[in-house]
Amino acid sequence: MNQKLIEHIKSNFKSRFKTNPTLVFSPGRINLIGGHTDYNNGFVLPAAIDKGIVAAIDKSDSEYSSVVALDVNEQLDFSLKNIQAIKNGNWKNYVIGGVAEIQKFGKQLENFNLVFGGDIANGAGLSSSAALENSVVFGLNELFQLGLSKKEMIFISQKAEHNYVGVKCGIMDQYASMFGKDDSAILLDCRNLEATTFNIDFKDYKVLLINTNVKHSLAESAYNDRRSVCEKIALQLNINALRAASEKDLFTIKNKIPEDDYQKALYVTQENDRVLQASKAIKHNDIELLGKLLYASHKGLQHQYKVSCDELDFLVDYAKKNTDVVGARMMGGGFGGCTINIVKKDAIKAYKKDVAQAYKENFNANCSFYVVNLSAGTRVIETN
């Protein structure tokens, strides 16, 4: 956790609102493997990381609630009555969505003040949105002693994103951010939320995230389009979600659907299998096999599901040429954001330098880097 960030958020809150807040840390997440399988009720292998959102929260005696996004220096003041989504509201809709969904759950809220900031870039594919949603819902639960369970809170966060942001996300991001464990990944079955936690020994390797620093405009519409394709094919197969489909099942309708749609569904089926293989690789400390599965996942995301972009593909292709990298793939919704790379510890410095130079030469832009550790989930920060 970033102590400087914690102090910055705390001191800013105290200077603005003159009270001593409760502090909450809600982590971002990586997903080792399992891209776009969560909303198909499939398997994912996420982990919370040691970067995320710090939120300071306390009760207010004002007639309205105030939320300050410190990173963009914006403030939202709003009434708890008749909350509506804000057109082009960006971060504001994640916050008010969480508040509104708590109210819909039947819990009473009073006015509050909240200041938040983070050390993960918006759009990096590390799910800063789920971290923000969870920090708000968890913070309000603590502040007003609402008695919500962690499982109830993640569904409230998910509904905030569905109903106020307009992204029909699965449950993986909120789950990983809320339930993460130190040095561990979670094999999550998104059909029933059964989870198995695997301690990961990366041995001589570290997780390096490389941010393309791009977010192509296709991202949100393409996400919802692909979800719609998956749902239609599940309907044709008379199943609840593609999780229940085998490759053999898909082949029975291959001639009745467009080839592009068939490939998207086939990717989901194959990716679910890769997630299960990856969890076994972790169990047996087989980092090399895990790396190969990451490369295979990216190939499917690039050519079958078609959610990659030139910048992501360049970074993964560059990784393949370096023997100090055992695996890489794009991560997140796609069309930008980060690649996840498993890189030898003693090679990280040189690799970062090489990648930065090559990326600059190809795209006339800078990529950025995060070396991350696997972290515990959303929690109150104890301070003196």
Side-chain angles (χ1 to χ4, degrees), residues 1-2 4-6 8-9 23-31 35 38 44 46-57 67-74 76 86 88-98 114-139 153-154 156-158 160-162 164-167 169-180 207 209-216 219-220 223 312 330-340 367-379 381:
M1 242 189 306
N2 187 331
K4 275 177 79 173
L5 175 63
I6 293 167
H8 179 52
I9 300 292
L23 291 166
V24 171
F25 174 69
S26 192
R29 64 97 191 97
I30 57 173
N31 185 28
D38 61 340
V44 286
I49 58 174
D50 54 352
K51 298 182 185 300
I53 299 285
V54 174
I57 188 168
V67 179
V68 178
L70 218 49
D71 297 340
V72 290
N73 196 27
E74 291 179 4
L76 170 67
I86 300 166
N88 301 319
N90 199 355
W91 65 267
K92 296 167 186 169
N93 284 326
Y94 294 102
V95 174
I96 62 172
L114 188 147
V115 174
F116 74 89
D119 56 359
I120 49 176
N122 182 29
L126 304 181
S127 213
S128 55
S129 54
L132 175 56
E133 291 154 5
N134 279 354
S135 69
V136 171
V137 175
F138 190 94
M153 284 189 264
I154 63 170
I156 286 169
S157 290
Q158 184 192 35
E161 195 149 341
H162 285 191
Y164 289 82
V165 182
V167 176
C169 63
I171 198 65
M172 174 186 70
D173 295 347
Q174 292 82 3
Y175 192 102
S177 175
M178 185 69 77
F179 286 99
V207 175
L209 307 177
I210 307 178
N211 190 356
T212 60
N213 290 320
V214 299
K215 195 68 179 172
H216 295 294
E220 282 191 16
Y223 180 97
L312 290 166
M330 62 153 278
M331 194 178 64
F335 303 103
C338 283
T339 60
I340 179 170
C367 58
S368 48
F369 303 90
Y370 306 94
V371 177
V372 296
N373 298 302
L374 309 190
S375 147
T378 305
R379 60 199 183 273
I381 302 167

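Counting from 1, the numbers follow the sequence of the chain as shown. Worth saying up front: this structure is predicted, and the values here are computed from it rather than measured.
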Between [X] (side chain only) and [Y] (backbone N and O only), is there a donor and an acceptor less than 3.5 Å apart?
X	Y	value
Asn134	Gln174	yes
Asn373	Asp50	no
Thr339	Met330	no
Asp119	Ile53	no
Asn93	Ile86	yes
Thr212	Gly337	yes

Ignoring hydrogens, what is the shortest heavy-atom contact between [X] and [Y]? Give both atom names and the distance.
X	Y	result
Arg29	Ala176	CB-CB, 3.9 Å
Phe25	Gly52	CE1-N, 3.7 Å
Trp91	Leu132	O-CD2, 4.0 Å
Pro27	Ala131	O-CB, 3.5 Å
Ala376	Ala48	O-CB, 4.1 Å
Cys169	Gln158	O-NE2, 3.1 Å

Quiz item: With Ile154, which of Val137, Thr378, Asp173, Ile171 fulfils side chain to side chain contact (heavy atoms under 4.5 Å, CB included)?
Solution: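 Result for side chain to side chain contact (heavy atoms under 4.5 Å, CB included) with Ile154: Ile171.
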Report the distance from atom [atom1] of [X] to atom [atom2] of [Y], rounding to the nearest 0.5 Å.
X	Y	atom1	atom2	answer
Leu114	Ile57	CG	CD1	4.5 Å
Leu312	Phe335	CG	CZ	10.0 Å
Asn31	Asp38	CG	CG	8.0 Å
Asn90	Ser129	CG	OG	10.5 Å
Ser135	Arg379	OG	CZ	13.0 Å
Asn211	Tyr370	CG	OH	5.0 Å

Self-check item: pair Tyr94-Val136: side-chain heavy atoms closer than 4.5 Å
Solution: no
Quiz item: Below 4.5 Å, heavy atoms only, C-beta onward: do Asn2 and Ile6 meet side chain to side chain?
Solution: no
